[in-house]
Enquirer: 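Below you'll find the structure I mean.
Because only heavy atoms are used, hydrogens play no part in the values below, and waters and symmetry mates are left out as well, while side chains stay in. Here is the naming used below: chain letters follow the sequence lines, and residue numbers restart at 1 for every chain. Because the structure is a prediction, the values reported are computed rather than measured.
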2 protein chains.
Amino acid sequence: MPRDSFAIPQETARRLSLYLRSLKRLEQQQGVASSREITRFLNISSEQFRKDLSYFGEFGRRGIGYDIEILKKEIGKILGTNVVWRIVLVGVGKLGFALLGYPGFLEFNLQIIAAFDNDKNKIGQVLSGVKILNTLRMREVIKKEAIKIAMLCVPVDAAQDMAGDLARCGIKAILNFAPVNLVLPKNVCVSNVDMASELEGLVFQLKRGFFNH
Amino acid sequence: MPRDSFAIPQETARRLSLYLRSLKRLEQQQGVASSREITRFLNISSEQFRKDLSYFGEFGRRGIGYDIEILKKEIGKILGTNVVWRIVLVGVGKLGFALLGYPGFLEFNLQIIAAFDNDKNKIGQVLSGVKILNTLRMREVIKKEAIKIAMLCVPVDAAQDMAGDLARCGIKAILNFAPVNLVLPKNVCVSNVDMASELEGLVFQLKRGFFNH
DNA sequence: ACGTGTGAACCGATTCACAGCA
DNA sequence: TGCTGTGAATCGGTTCACACGT
């Protein structure tokens with residue numbers, strides 16, 4: 001049980017949230033589930049699941065399986081979903097607006113506490129229960145509320161500058177929706193969501209006849 | 001120059017679109033750029049860039065670098081962006097609406113030609129130049145227009161059923177925005193965009209103090 | 001000297017094979 | 001027997017080191 005704190009594969013971290021989802025689906029059924037049942041609809045092998053968990057401890061019972069309720073709590077603890085994480089959103093265009101109303105964040109106890117925009121017409125509005133503030137107030141709010149995570153939904157030309165501002169405000173992690181690679185101090189963690197590039201990947205695979213079966 | 005058609009790393013395909021972007025930025029500057037210049041703002045090593053290209057042929061000149069214009073065309077050919085790819089969108093909620101207006105798709109010559117929804121109030125509307133049609137007409141349109149790619153933006157509970165319908169209509173690739181693993185015939189290629197899970201990944205890294213620098 | 005192209009070495013992650021417990 | 005936990009083997013992809021052309 002190597003709890004040595006570091007050396008958790010990147011991919012393992014990503015998969016943990018999928019396990020949590022799967023467990024929530026099974027929740028009603030019974031008290032115990034096997035690794036096979038948990039990964040059944042996940043495109044992940046049961047060995048992979050067990051290996052992933054082994055980085056954090058032993059949560060199952062040999063010959064039996066996993067107590068769903070307990071495992072759900074444990075993974076929640078590992079991921080940090082047992083606590084509410086407060087985040088901000090920058091850029092309330094169409095995409096930002098969609099994210100403000102996206103119900104999926106609740107699943108991981110993620111809460112958007114404020115949105116920022118430059119547009120005078122938007123400032124002051126409340127969308128999906130979130131107030132839109134002037135970008136000038138970003139520093140003040142992020143500091144005061146000790147926010148560490150931001151979603152960046154501004155146009156591509158503004159993204160790098162705005163990301164720099166966020167870093168200077170104390171933001172430590174950015175989910176970036178602009179199709180550009182952000183250059184930031186390396187103590188700031190960036191994750192990119194790139195819809196166009198993702199679609200392009202599908203085109204590529206189609207073109208290669210990967211799926212002419 | 002192993003043009004043996006198969007065995008292109010997944011990641012290589014993904015990076016090609018980033019190279020294309022980088023080249024577009026450099027376009028104005030000069031006729032030639034080195035692998036180092038092209039990858040400068042990409043978080044990708046120049047060796048990686050050269051290795052990636054080597055799967056498809058030799059595009060540079062030793063001692064000199066790459067002709068930007070030519071390389072742009074070549075990568076375009078590889079990715080398929082030299083041709084317009086027509087796609088459909090299913091589910092015009094907030095997210096679907098945002099995607100209809102997303103300018104980033106143009107970059108790769110991707111064109112949304114129709115959107116589908118069940119909501120009688122939305123059917124018939126034209127948003128961002130795209131007409132919203134009754135979901136019942138999906139088969140007809142997809143067959144007639146020979147569409148191969150779909151973006152799926154319906155609520156999570158409807159996603160699996162709708163994806164199955166799409167597959168039966170002849171769709172070969174789906175960009176799925178619902179937080180659920182779609183189970184489909186294996187000649188259908190799925191790519192997932194999972195915003196909540198992505199954010200959760202950032203929380204995890206923050207929690208582990210990866211960035212307490 | 002400069003910069004590309006690429007086999008070889010390396011590294012991380014997945015899969016395999018099996019020990020251990022119920 | 002059934003299912004977990006995990007070292008060992010394997011696989012895929014990245015990095016290194018250097019040959020080659022300009």
Enquirer: Which part of the nucleic acid, if any, lies within contact of B:R36, taking any heavy atom under 4.0 Å across all strands shown: a base, the sugar-phosphate backbone alone, or nothing?
Expert: nothing

Enquirer: Can you see if the side chain of A:Y66 gets near the phosphate of D:dG5 - specifically, an N or O under 4.0 Å from OP1 or OP2?
Expert: yes

Enquirer: Find the distance A:E74:CD to D:dT4:C1' and express it as a whole number of Å.
Expert: 16 Å

Enquirer: For A:I64 and for B:R61, locate the closest nucleotide of DNA chain D by heavy-atom distance; then report the residue assigned to the nucleotide nearer the 5' terminus.
Expert: A:I64

Enquirer: Does the side chain of A:S46 come under 3.5 Å of the side chain of A:T39 through a donor N or O and an acceptor N or O?
Expert: no

Enquirer: Could you please name the option among D:dT14, C:dT15, C:dT14 that lies closest to any side-chain atom of A:E11?
Expert: C:dT14

Enquirer: What is the distance, rounded to the nearest whole Å, between atom CZ of A:R40 and atom C1' of D:dC3?
Expert: 16 Å

Enquirer: Pick base, sugar-phosphate or nothing for B:T12, based on heavy-atom distances below 4.0 Å to the nucleic acid.
Expert: nothing

Enquirer: Please evaluate the base of D:dC20 for a donor-acceptor partner in the side chain of B:R62 within a cut-off of under 3.5 Å?
Expert: yes

Enquirer: How many whole angstroms separate atom CZ of B:F49 from atom P of D:dT15?
Expert: 15 Å

Enquirer: Can you check whether A:Q48 has a side-chain N or O nearer than 4.0 Å to OP1 or OP2 of C:dT15?
Expert: yes

Enquirer: For B:D67, is there an ion pair with B:K73 - N to carboxylate O distance below 4.0 angstrom?
Expert: no

Enquirer: Measure CG/B:D52 against C1'/D:dG12 and give the value in whole Å, please.
Expert: 13 Å

Enquirer: In whole Å, what is the span from the CD atom of B:Q10 to the P atom of D:dG13?
Expert: 8 Å

Enquirer: Of the candidate nucleotides C:dG5, D:dA8, C:dG3, which contains the atom at the shortest distance from the side chain of A:K51?
Expert: D:dA8

Enquirer: Out of C:dT4, D:dC16, D:dT4, which nucleotide sits closest to the side chain of B:E47?
Expert: D:dC16

Enquirer: Can a donor-acceptor pair be found, under 3.5 Å and without considering hydrogens, that links the side chain of A:D165 to the backbone of A:C169?
Expert: no

Enquirer: Figure out the CZ/P separation between B:R50 and D:dC20, and round it to whole Å.
Expert: 16 Å

Enquirer: Check the distance between D:dT4's C1' and A:I38's CD1 and give it to me in whole angstrom.
Expert: 11 Å

Enquirer: Base, sugar-phosphate, or nothing: which does A:S45 touch, judged by heavy atoms less than 4.0 Å apart?
Expert: sugar-phosphate

Enquirer: Check whether any side-chain nitrogen or oxygen of A:R15 sits under 4.0 Å from OP1 or OP2 of C:dT14, and answer yes or no.
Expert: yes

Enquirer: So does A:E74 pair up with A:K77, basic N to acidic O under 4.0 Å?
Expert: yes

Enquirer: Would you mind telling me which of C:dT14, C:dG5, D:dG13 lies closest to the side-chain atoms of A:Y55?
Expert: C:dT14

Enquirer: Would A:K94 and B:F97 count as a cation-pi pair here, with the cationic atom under 6.0 angstrom from the ring centre and within 45° of the axis?
Expert: yes

Enquirer: Do NZ/NE/NH1/NH2 and the carboxylate oxygens of B:R14 and B:E11 come within less than 4.0 Å?
Expert: yes

Enquirer: Rounding to an integer number of Å, can you tell me how far B:E58 CD sits from C:dG3 P?
Expert: 18 Å

Enquirer: When all nucleic acid strands are considered with a 4.0 Å heavy-atom cut-off, which category describes B:S35: base, sugar-phosphate, or nothing?
Expert: sugar-phosphate

